Q: 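Before anything else, here's the structure in question.
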2 protein chains.
Amino acid sequence: MDNSKTAVTRNRLLEAAKEVFAKAGVNGATTKEIARVAGVNEVTLFRHFQSKEQLLSAVVQQFTAMQAEALAHQEEWTQDLRDDLRHYALLYNAMLEEHEALIRTFIGEARRHPEAARRIIYETTQPLREKLITYLSNSQKRGVVRQGVDLRAAVDIFTGMLLGGMLRRSASPIPLGYSSESYLETSVDLFVSGISTIKSRLEHEEAQHNI
Amino acid sequence: MDNSKTAVTRNRLLEAAKEVFAKAGVNGATTKEIARVAGVNEVTLFRHFQSKEQLLSAVVQQFTAMQAEALAHQEEWTQDLRDDLRHYALLYNAMLEEHEALIRTFIGEARRHPEAARRIIYETTQPLREKLITYLSNSQKRGVVRQGVDLRAAVDIFTGMLLGGMLRRSASPIPLGYSSESYLETSVDLFVSGISTIKSRLEHEEAQHNI
DNA sequence: TTCGTATGCAAGTACTTACTTGCATTATAA
DNA sequence: TTATAATGCAAGTAAGTACTTGCATACGAA
């Protein structure tokens with residue numbers, strides 16, 4: 001009973017809230033509109049969530065759980081640094097673009113809802129983040145990644161590039177002078193070249209030359 | 001007459017609006033609060049700006065003008081790629097941190113106010129951006145920056161790293177595993193190493209070794 | 001001094017918002 | 001069938017919101 005009826009309504013409300021918060025922002029979102037999108041009466045919303053604020057934190061909870069789940073299944077490393085990071089970049093960028101509007105809302109609301117911001121930044125990306133750090137650390141031991149680089153910072157720099165690119169791209173319909181693909185490819189290229197040992201950079205350029 | 005009296009009040013209103021928009025977001029900001037912060041009557045606000053929306057666009061206008069001005073005076077290139085980019089990074093990062101709250105507001109509002117977003121992204125950074133592209137292009141001719149890199153994308157990637165870092169840092173009071181300084185230094189290091197020719201990377205490492 | 005302009009103040013308008021109450025209806029489980 | 005729980009519906013409350021109007025006051029320029 002807790003399943004079918006109640007849970008369905010609750011999930012519809014959560015989905016609708018996510019959508020309306022993304023479109024209108026936290027302040028701009030109204031419980032009336034959320035209920036309308038969910039296809040339920042506004043009163044029902046308040047029977048499920050005691051306030052708009054609590055609805056927001058439920059949305060955050062569900063979103064972080066979903067994203068952590070979605071990003072957790074990244075296990076296949078080819079041990080080719082460039083390929084692996086490109087794969088990671090594509091995955092991460094797709095996630096950013098899919099949830100662009102909601103991410104914007106949360107960035108804007110971060111100071112007013114620091115706990116929500118913390119959860120979104122950490123709980124969603126932490127597992128994958130740790131894996132990447134371990135991966136780079138191993139690459140360091142293999143002599144592919146150079147010494148003396150703060151790997152924790154490096155990983156966040158990598159994702160920061162992608163986030164920054166998404167924010168610029170989607171903010172305005174103005175030509176940036178490069179394509180979205182070029183931004184991604186250049187991000188991977190610069191990062192890999194920058195973090196590699198000279199030896200492995202030389203090997204890469206040689207391989208490129210032989211093609 | 002257009003100067004002293006009216007202009008002073010207008011500027012106080014613009015400053016107050018900037019502050020309140022930054023703190024409360026566009027939707028959360030009330031004309032009553034803006035007037036209070038400015039120290040004028042709410043009616044006076046509407047005598048200067050016909051609507052809250054127009055006040056917002058005036059704030060955007062003033063902000064872009066100020067920032068473009070502040071960032072325009074970057075002329076001294078030492079021709080050492082690393083030093084120059086570090087200098088640029090510090091300048092840009094200081095600007096990001098100073099206006100963190102307002103930047104968050106605008107990022108969150110970008111879809112609802114695309115024209116404002118466009119102006120902030122473009123008009124504030126365009127001049128410096130072009131200068132950096134020219135600079136990197138010259139470095140390319142000098143053999144310091146390698147060929148085959150999309151320089152326009154590269155410049156935005158560089159600023160994207162810094163923006164991403166600021167957004168992560170200030171969103172939450174949680175330890176990231178590295179310091180703000182390390183993030184900046186690693187950003188510069190990775191970018192410079194990544195965009196340099198192998199030759200100039202070798203020279204740099206040699207110089208480091210001799211210290 | 002006089003005149004025009006900028007501002008303050010009190011009140012009001014029309015609308016929206018989060019949230020509540022009471023009761024009727026439906027569906028489900030025992 | 002009957003009791004229980006979830007939902008819909010109509011209405012309402014209390015507070016806030018952007019924005020307006022009318023009038024009084026102060027101040028600077030001519």
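Chain letters run A, B, ... following the sequence lines, proteins first and then strands; every chain starts at 1. All values below come from the heavy atoms of this structure, side chains included, with hydrogens, waters and symmetry mates left out. On a predicted model such as this, the values are computed, not experimentally measured, just so you know.
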Q: Does A:S196 reach the main-chain N or O of A:V192 with its side chain, forming a donor-acceptor pair under 3.5 Å?
A: yes
Q: Counting only side-chain N and O atoms of B:T9, is one of them less than 4.0 Å from OP1 or OP2 of C:dT7?
A: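 Looking at the OP1 and OP2 atoms of C:dT7, one of them is under 4.0 Å from a side-chain N or O of B:T9.
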Q: Within this structure, what is the CZ-to-C1' distance between A:R10 and D:dA6, rounded to whole angstrom?
A: 15 Å
Q: Hey, is B:E109 close enough to A:R104 for a salt bridge, meaning N to O under 4.0 Å?
A: no
Q: Examine C:dA6: is either OP1 or OP2 under 4.0 Å from a nitrogen or oxygen in the side chain of B:H48? Give yes or no.
A: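 For C:dA6, neither OP1 nor OP2 has a side-chain N or O of B:H48 closer than 4.0 Å.
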Q: Does a nitrogen or oxygen in the side chain of B:T44 sit under 4.0 Å from OP1 or OP2 of C:dG8?
A: yes
Q: What one-letter contact string describes nucleotides 16-22 of chain C from 5' to 3', where B marks a base within less than 4.0 Å of any protein heavy atom, S marks contact via sugar-phosphate atoms alone, and - marks no contact?
A: -SSBBBB
Q: To the nearest angstrom, how far is B:N41 atom CG from C:dA10 atom P?
A: 9 Å
Q: A:R12 has an atom CZ; how far is it from atom P of D:dT7, in whole Å?
A: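 Between P of D:dT7 and CZ of A:R12: 10 Å.
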Q: Would you mind reading off the distance between A:F49 atom CZ and D:dA6 atom P, rounded to a whole angstrom?
A: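 Roughly 14 Å, once rounded to whole Å.
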Q: Any non-hydrogen side-chain atom of B:D189 less than 4.5 Å from a side-chain atom of A:D150?
A: no
Q: State whether a side-chain donor-acceptor pair under 3.5 Å links A:R152 with B:S182.
A: no
Q: So, are A:E123 and A:R118 salt-bridged, with charged N and O less than 4.0 Å apart?
A: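 Between A:R118 and A:E123 there is a salt bridge, with a charged N closer than 4.0 Å to a carboxylate O.
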Q: Roughly how many Å is it from CG in B:L55 to P in D:dT17, rounded to a whole number?
A: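 About 16 Å, once rounded to whole Å.
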Q: Regarding A:T124 and A:R119, is there a side-chain donor-to-acceptor distance under 3.5 Å anywhere?
A: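 There is no such pair between these side chains.
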